[in-house]
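The sequence lines fix the lettering, A, B, ..., with proteins before strands; numbering per chain opens at 1.
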Amino acid sequence: MMFSKKCYNLLKKVPRGKVVSYKQIAEQVNIKAYRAVGNAMNKNKYKDVPCHRVVESDGSIGGFVRGVDEKIRLLRKEEIEVVDGKIDLKKYGYFFK
DNA sequence: CTAATGACCATTA
DNA sequence: ATAATGGCCATTA
């Protein structure tokens with residue numbers, strides 16, 4: 001199965017109001033290709049994949065196809081606090097089982 | 001086939 | 001605290 005598709009499937013498990021890091025997704029696929037995960041998101045065309053819930057491992061926002069501002073807006077819309085361009089992972093971080 | 005490019009990460013200075 | 005550096009690897013040219 002294609003790498004990008006695996007990322008999408010994992011990401012679909014992340015509930016509204018929670019976020020994961022690019023690294024976490026890479027870990028689930030058992031590789032160290034952190035950057036490749038970002039690439040996959042960038043080219044994602046599926047509508048049911050919540051790309052905006054993927055942030056950097058230190059809690060900063062990362063990037064987004066339609067701009068970082070839009071990403072923040074989407075996150076706030078699901079009750080996630082974004083202060084000073086960062087998210088508190090203790091509070092909003094999701095952990096895969 | 002090779003080379004370049006990232007929505008990244010950890011370490012070092 | 002910021003900035004540079006090297007490494008990672010799927011994808012694309």
Side-chain angles (χ1 to χ4, degrees):
Chain A
M1 184 183 216
M2 219 150 121
F3 169 77
S4 56
K5 204 112 179 181
K6 288 189 192 173
C7 296
Y8 303 148
N9 287 335
L10 285 166
L11 190 49
K12 279 194 281 191
K13 296 182 186 172
V14 180
R16 194 189 132 95
K18 293 284 179 186
V19 297
V20 288
S21 66
Y22 298 94
K23 182 184 181 182
Q24 280 179 274
I25 293 178
E27 281 172 349
Q28 288 299 305
V29 190
N30 213 36
I31 63 173
K32 298 168 194 168
Y34 314 131
R35 306 186 75 162
V37 176
N39 281 336
M41 294 302 106
N42 190 25
K43 288 165 187 150
N44 168 43
K45 57 180 168 30
Y46 301 98
K47 207 172 121 195
D48 59 328
V49 178
C51 305
H52 63 280
R53 296 189 199 149
V54 190
V55 300
E56 305 207 351
S57 59
D58 64 352
S60 48
I61 302 303
F64 198 63
V65 186
R66 305 221 267 315
V68 180
D69 292 343
E70 177 65 6
K71 186 167 180 177
I72 293 175
R73 205 177 63 69
L74 289 170
L75 291 167
R76 291 219 165 109
K77 200 157 69 170
E78 40 188 79
E79 324 292 308
I80 296 174
E81 293 179 87
V82 182
V83 302
D84 199 28
K86 279 197 171 182
I87 292 173
D88 183 2
L89 296 178
K90 298 264 188 223
K91 228 170 149 184
Y92 302 106
Y94 175 79
F95 295 99
F96 288 110
K97 298 191 282 297

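- Bounding nucleotides for the chain A contact on DNA chain C, 5' to 3', at a heavy-atom distance below 4.0 Å, are C:dG7 to C:dT12.
- You'll find the side chain of A:Glu78 stays beyond 4.5 Å of the side chain of A:Tyr92, heavy atoms only.
- Base pairing of B:dA13: its partner is C:dT2, meeting the Watson-Crick or G-U wobble criterion (both donor-acceptor distances under 3.5 Å).
- Connection of A:Val19 to A:Leu11 is not established within any shared hydrophobic cluster, with ILVMFWY side chains joined at heavy-atom distances below 4.5 Å, either directly or through further cluster members.
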List the steps and the verdict of side chain to side chain contact (heavy atoms under 4.5 Å, CB included) for A:Val65 and A:Asn44. CA-CA 9 Å; A:Val65 186; A:Asn44 168 43; over 6 Å; no
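- Contacts of residues 63-83 of chain A with DNA chain B (heavy atom under 4.0 Å): A:Gly63, A:Phe64, A:Val65, A:Lys71.
- Using a 4.5 Å cut-off between side-chain heavy atoms of Ile, Leu, Val, Met, Phe, Trp and Tyr, with links allowed through other members, A:Phe64 and A:Ile61 fall into different hydrophobic clusters.
- By the 4.5 Å heavy-atom criterion applied to side chains, A:Glu81 and A:Asp88 are not counted as neighbours.
- Side-chain atoms of A:Tyr94 do not come within 3.5 Å of backbone N or O of A:Gly17 as any donor-acceptor pair.
- Hydrophobic clustering places A:Ile80 together with A:Leu89 (ILVMFWY residues linked when any side-chain heavy atoms are closer than 4.5 Å, directly or through intermediates).
- At the phosphate of B:dC8, neither OP1 nor OP2 sits under 4.0 Å from any side-chain N or O atom of A:Ser57.
- Non-hydrogen atoms lying under 4.0 Å from DNA chain B are contributed by A:Lys23, A:Tyr34, A:Arg35, A:Ala36, A:Gly38, A:Asn39, A:Met41, A:Asn42, all within residues 23-42 of chain A.
- The side-chain heavy atoms of A:Arg16 and A:Arg53, taken from C-beta on, include a pair separated by under 4.5 Å.
- Taking CD of A:Gln24 as the start and CZ of A:Phe95 as the end, the distance is 6.0 Å to the nearest 0.5 Å.
- Counting only heavy atoms from C-beta outward, the side chains of A:Arg76 and A:Arg73 never approach each other to under 4.5 Å.
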